[in-house]
K.L.:
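Let me begin by handing over the structure; questions about it come next.
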Amino acid sequence: MSRENTDNNQDRRRILLLAQGRGGSGKTMMLVNLIERARRAGRDVRVADLDRTNQSTSHYFADAVTADDASDNTLLTTAEEFVDDLVQNRISGVIDLGGGDLIGPRILHDLDIVTFLGTHGFDVTVLFTLGSDADYLAPYRRLQAMGALEHVNVIFVLNEALADESTKGRAGFKDLLEHPDILQALEAGAEIVLMETLRGARILAENRFLFRDAAEGRPAPNGAVLRLIRANHVRKWLKSLEAQFEDFEEKLP
């Protein structure tokens, strides 16, 4: 993958990003985008796919760390080794977690990762991918109730593909955005990203396209090439996200 040095990576604070979201909530789309984005900018970002029910992020990145089995002890040990590696090498990292899986809270709480990483100059960001139904907030509520989100950056990703089809943009999330949990999180400094519906997303996923490869006309690993009009859709999709990331760039890997 080609990389473009677009920022001063030596001065950039290291980030551990953990992502939780129900199956089909768009978590893989957002993570693949963020990992590819960071690496294309010349930043070393390591990946761990610890979603024990649906490992999909690791299908895009051959160097992703995975656990030898799905037991809690193995997942916790893998997470511990992964975080230790980040600190020793001064590298940001991304951990993909299952939406309803309790291993996420255990990683944050039992391993005391936020405090540990803070002493080594790292910040922790937790990303939640959401549909318009308040049930998607369950992983956030669980971590919040445990006090595991103190001193943590929170990002909510609104997946427009899971909103009311009769509306566009944030209007499809009106009730969710007025939910007490969201309002409280925003008051505490949480960020919100609208991930617009991407036409042809299924084709991209089936062929394991990286988004910038698709946007720039490069083939997928299996040799598939995206139609020009669909490549243009990807470019517009990336541009929309990039404009939103500018507001909280320091919270991303």
K.L.:
Do the charged groups of E249 and R37 touch, with an N to O distance under 4.0 Å?
P.N.:
yes

K.L.:
Would you check if F122 and V87 make a side-chain contact, meaning some heavy-atom pair closer than 4.5 Å?
P.N.:
yes

K.L.:
Which pairs count as salt bridge (Lys or Arg N to Asp or Glu O under 4.0 Å) when at least one residue sits in residues 122-136, sequence neighbours excluded?
P.N.:
R13-D123

K.L.:
Who passes side chain to side chain contact (heavy atoms under 4.5 Å, CB included) against T197, sequence neighbours left out?
P.N.:
E160, A161

K.L.:
Which pairs count as ring-ring contact (aromatic ring centres under 6.0 Å, His included) when at least one residue sits in residues 211-251, sequence neighbours excluded?
P.N.:
F211-W237

K.L.:
Among I192, L127, L194, L130, exactly one meets side-chain contact (heavy atoms from CB on, under 4.5 Å) together with V157. Which residue is that?
P.N.:
L127

K.L.:
Do the charged groups of R40 and E216 touch, with an N to O distance under 4.0 Å?
P.N.:
yes

K.L.:
Between I155 and V193, what is the shortest heavy-atom contact and its length?
P.N.:
CG2-CG2, 4.1 Å

K.L.:
Checking K174 now: which residues fulfil side chain to side chain donor-acceptor pair (under 3.5 Å) with it, not counting sequence neighbours?
P.N.:
E178

K.L.:
Please say whether more than 12 non-hydrogen atoms of neighbouring residues, nucleotides or ligands are located less than 6.0 Å from CD in E150.
P.N.:
no

K.L.:
Side chains of L210 and N33, heavy atoms from C-beta outward: is any pair under 4.5 Å?
P.N.:
no

K.L.:
Just by modelled atom types, is the S92 backbone N or O under 3.5 Å from a matching donor or acceptor in the R14 side chain?
P.N.:
no

K.L.:
Could you name each residue pair satisfying salt bridge (Lys or Arg N to Asp or Glu O under 4.0 Å) that touches residues 55-77, not counting sequence neighbours?
P.N.:
R39-D63, R52-D72, D72-R106

K.L.:
Might you point out which heavy atoms bring A163 and S132 nearest each other, and give the distance in Å?
P.N.:
CA-OG, 3.8 Å

K.L.:
Which atom pair, heavy atoms only, marks the closest approach of S25 to Y136?
P.N.:
CB-CE2, 4.0 Å

K.L.:
Please examine the side chains of Y140 and Q20, heavy atoms only from C-beta on, and report whether any two atoms are closer than 4.5 Å.
P.N.:
no

K.L.:
Looking at residues at least two apart in the chain, or sitting in another chain, which of them share a ring pair (Phe, Tyr, Trp, His ring centres under 6.0 Å) with H120?
P.N.:
F116

K.L.:
Tell me the salt bridge (Lys or Arg N to Asp or Glu O under 4.0 Å) pairs involving residues 190-200, sequence neighbours left out?
P.N.:
E191-K251

K.L.:
State, to 0.1 Å, how close P253 and A38 come at their nearest heavy-atom pair, and which atoms those are.
P.N.:
O-CB, 3.7 Å

K.L.:
So, T74 and S71: side-chain donor and acceptor under 3.5 Å apart, yes or no?
P.N.:
yes

K.L.:
Are I182 and F173 close enough, and set up right, to give a side chain to side chain contact (heavy atoms under 4.5 Å, CB included), and what steps lead you there?
P.N.:
CA-CA 11 Å; I182 292 286; F173 297 87; over 6 Å; no

K.L.:
Only counting residues at least two apart or in another chain, list the ones meeting side chain to side chain contact (heavy atoms under 4.5 Å, CB included) with V65.
P.N.:
A48, T78, F82

K.L.:
Show your reasoning for whether side chain to side chain contact (heavy atoms under 4.5 Å, CB included) applies to L177 and L158.
P.N.:
CA-CA 10 Å; L177 292 173; L158 309 178; 4.0 Å; yes

K.L.:
Excluding sequence neighbours, so at least two apart, what forms side chain to side chain contact (heavy atoms under 4.5 Å, CB included) with A224?
P.N.:
N207, F209, A220, N222

K.L.:
Are any non-hydrogen side-chain atoms of F156 and L137 less than 4.5 angstrom apart?
P.N.:
yes

K.L.:
Between K27 and L97, is there a side-chain heavy-atom distance shorter than 4.5 Å?
P.N.:
no

K.L.:
So do the side chains of L16 and T125 get within less than 4.5 Å of each other, counting heavy atoms only?
P.N.:
no

K.L.:
For L162 and G24, which heavy atoms make the closest approach, and how far apart are they?
P.N.:
CD1-O, 3.6 Å

K.L.:
Can you list the residues that meet the side chain to side chain donor-acceptor pair (under 3.5 Å) rule with S56, with sequence neighbours excluded?
P.N.:
T28

K.L.:
Measure across D49 and T57 and return the closest heavy-atom pair with its distance rounded to 0.1 Å.
P.N.:
OD2-N, 3.2 Å

K.L.:
H59: which residues meet the side chain to side chain donor-acceptor pair (under 3.5 Å) condition with it, sequence neighbours left out?
P.N.:
R208

K.L.:
Rounded to the nearest 0.5 Å, what separates atom CD in E80 from atom CG in D84?
P.N.:
7.5 Å

K.L.:
Can you sort out the partners of R141 under side chain to side chain donor-acceptor pair (under 3.5 Å), two or more places apart, ordered by chain and number?
P.N.:
H179, D181

